[in-house]
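Here the structure is a predicted model, which means the values were calculated and not measured. Hydrogens, waters and symmetry mates play no part in the numbers below; they use all other heavy atoms, side chains included. Letters A, B, ... mirror the listed sequences (proteins, then strands); counts begin at 1.
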2 protein chains.
Amino acid sequence: MKRNSRLALAMHTLGHMAANPSHMHTSSEIAEHAGTNPVVVRRVLGKLREAGLLTSEKGHAGGWCLAREPHLITLADIYLALGERLISMDENDCAPDCCIEHSLLNHISEVIKSTEQNFINHLATTTIADVQKAKKCKCKTCCDEA
Amino acid sequence: MKRNSRLALAMHTLGHMAANPSHMHTSSEIAEHAGTNPVVVRRVLGKLREAGLLTSEKGHAGGWCLAREPHLITLADIYLALGERLISMDENDCAPDCCIEHSLLNHISEVIKSTEQNFINHLATTTIADVQKAKKCKCKTCCDEA
DNA sequence: TTAAATGTAACTTTTGAAGTTGCGTCAGTC
DNA sequence: GACTGACGCAACTTCAAAAGTTACATTTAA
């Protein structure tokens with residue numbers, strides 16, 4: 001798996017879960033399909049559980065499943081659950097006595113805030129049910145749960 | 001200097017140059033002020049030169065200066081010159097036979113494109129002359145060129 | 001000719017994400 | 001009650017991209 005792909009992993013996984021919400025998915029199954037490691041999957045899905053998007057069951061026959069109906073989970077929910085930022089302008093990185101940097105930060109922080117919100121608003125218009133329904137191909141390798 | 005700070009370095013540097021467009025700035029001076037290395041500065045400013053925002057002169061008394069009036073260089077120009085992307089959803093990372101990923105990519109690529117454009121539009125409303133003028137403090141350490 | 005600047009290639013260091021291992025805990029099943 | 005198969009989590013290793021560094025060729029003005 002490539003770098004910084006947690007968002008992709010999360011969206012992808014929930015897209016599949018939307019196709020079959022009642023099925024318990026183990027982190028091993030998910031990891032194998034996503035071409036990554038079960039521990040990495042648990043790390044990422046753990047964030048989604050904290051945010052109330054997923055539930056997990058320990059023990060035999062345990063695993064992961066959606067905590068809500070697929071049409072009630074948007075891509076924005078997933079993005080926010082991961083707690084990542086589009087752009088990180090570390091303020092501590094700023095030389096405290098340089099007024100140009102202060103000025104720049106004033107301008108940029110507004111832009112960043114607005115861009116972030118714009119991104120979230122867009123993501124909020126798509127649910128994982130939409131993602132699941134919109135699939136176009138009929139490949140057996142991954143979509144046979146539908 | 002921290003990670004992925006090329007944009008910050010570029011904006012910061014051009015903000016200072018806007019205060020005194022006629023002065024030739026050497027990469028050593030810039031690097032020292034920005035707390036980094038002359039070669040790193042040349043790398044970043046080289047991109048801005050390719051984009052026509054800066055000119056550089058070799059040899060004795062050489063250095064860098066703005067290629068246009070400060071009020072004709074926006075933060076969007078700088079961002080675009082660096083050729084970076086806010087969000088990179090590597091399509092090659094996508095399993096080619098997974099239709100959920102295809103569906104996801106269809107949804108997301110539009111969102112990314114729109115967000116990127118929104119970001120650029122916001123940046124385009126601020127010029128480096130604005131950044132320079134808006135500075136509030138009177139510190140001698142960095143703004144004595146004004 | 002010399003000094004001071006950029007241009008650039010090659011290399012090393014740093015850093016954060018991803019990947020891995022190991023083990024504890026929990027819950028069905030035999 | 002032991003066994004099996006799942007998550008939870010901490011600690012460690014690996015990997016890749018950016019930053020930092022070194023070295024040297026080239027250019028230009030004094």
A.B. asks: Atom CG of B/L7 and atom P of D/dA19: how far apart are they, to the nearest Å?
C.D. replies: 11 Å

A.B. asks: Ignoring backbone atoms, establish whether B/T36 has a side-chain N or O less than 4.0 Å from OP1 or OP2 of D/dG20.
C.D. replies: yes

A.B. asks: Any side-chain N or O of A/S28 under 4.0 Å from OP1/OP2 of D/dG5?
C.D. replies: no

A.B. asks: Whole angstrom is fine here: how far is it from CD in A/E29 over to P in D/dG5?
C.D. replies: 13 Å

A.B. asks: Taking the side chain of B/R49 as heavy atoms from C-beta outward, which of C/dT20, D/dT21, C/dT6 is closest to it?
C.D. replies: C/dT6

A.B. asks: Is there a path of hydrophobic side-chain contacts, each under 4.5 Å between heavy atoms of I/L/V/M/F/W/Y residues, joining B/V39 to B/L48?
C.D. replies: no

A.B. asks: Go through D/dG20, C/dT6, D/dG8 for me and flag the one nearest to the A/S56 side chain.
C.D. replies: D/dG8

A.B. asks: Tell me the interatomic distance from B/L82, atom CG, to D/dA17, atom P, rounded to whole angstroms.
C.D. replies: 18 Å

A.B. asks: Grab the CZ-C1' distance between A/R43 and D/dA10 for me, whole Å please.
C.D. replies: 10 Å

A.B. asks: Could you check if a side-chain atom of B/I120 sits within less than 4.5 angstrom of a side-chain atom of B/Q117, using non-hydrogen atoms only?
C.D. replies: yes

A.B. asks: Among the candidates C/dG19, C/dA5, D/dT21, find the nucleotide nearest to the side-chain atoms of B/T26.
C.D. replies: C/dA5

A.B. asks: Closest heavy-atom contact between A/R68 and A/L53?
C.D. replies: NH2-CD2, 3.5 Å

A.B. asks: In B/S/- notation, 5' to 3', how is nucleotides 22-30 of chain C contacted by protein heavy atoms closer than 4.0 Å?
C.D. replies: ----BBS--

A.B. asks: Using side-chain heavy atoms (C-beta onward) and a distance below 4.5 Å, is A/L66 in contact with A/L14?
C.D. replies: yes

A.B. asks: Between atom NZ in A/K47 and atom P in D/dC9, what is the gap in whole Å?
C.D. replies: 12 Å

A.B. asks: Regarding B/K47 and B/E50, does a basic nitrogen lie under 4.0 Å from an acidic carboxylate oxygen?
C.D. replies: no

A.B. asks: Are B/M24 and B/V41 in one and the same hydrophobic cluster, where Ile, Leu, Val, Met, Phe, Trp and Tyr link if side-chain heavy atoms are under 4.5 Å apart?
C.D. replies: no

A.B. asks: How many whole angstroms separate atom CG of B/L45 from atom P of C/dT8?
C.D. replies: 13 Å

A.B. asks: For A/N37 and D/dC15, what is the distance between atoms CG and C1' respectively, to the nearest whole Å?
C.D. replies: 14 Å

A.B. asks: Tell me: CD1 of A/I30 to P of D/dG8, nearest whole Å?
C.D. replies: 11 Å

A.B. asks: Flag yes if A/L123 and A/L82 sit in one hydrophobic cluster, no otherwise; membership is Ile, Leu, Val, Met, Phe, Trp, Tyr, and two members link when side-chain heavy atoms are under 4.5 Å apart.
C.D. replies: yes

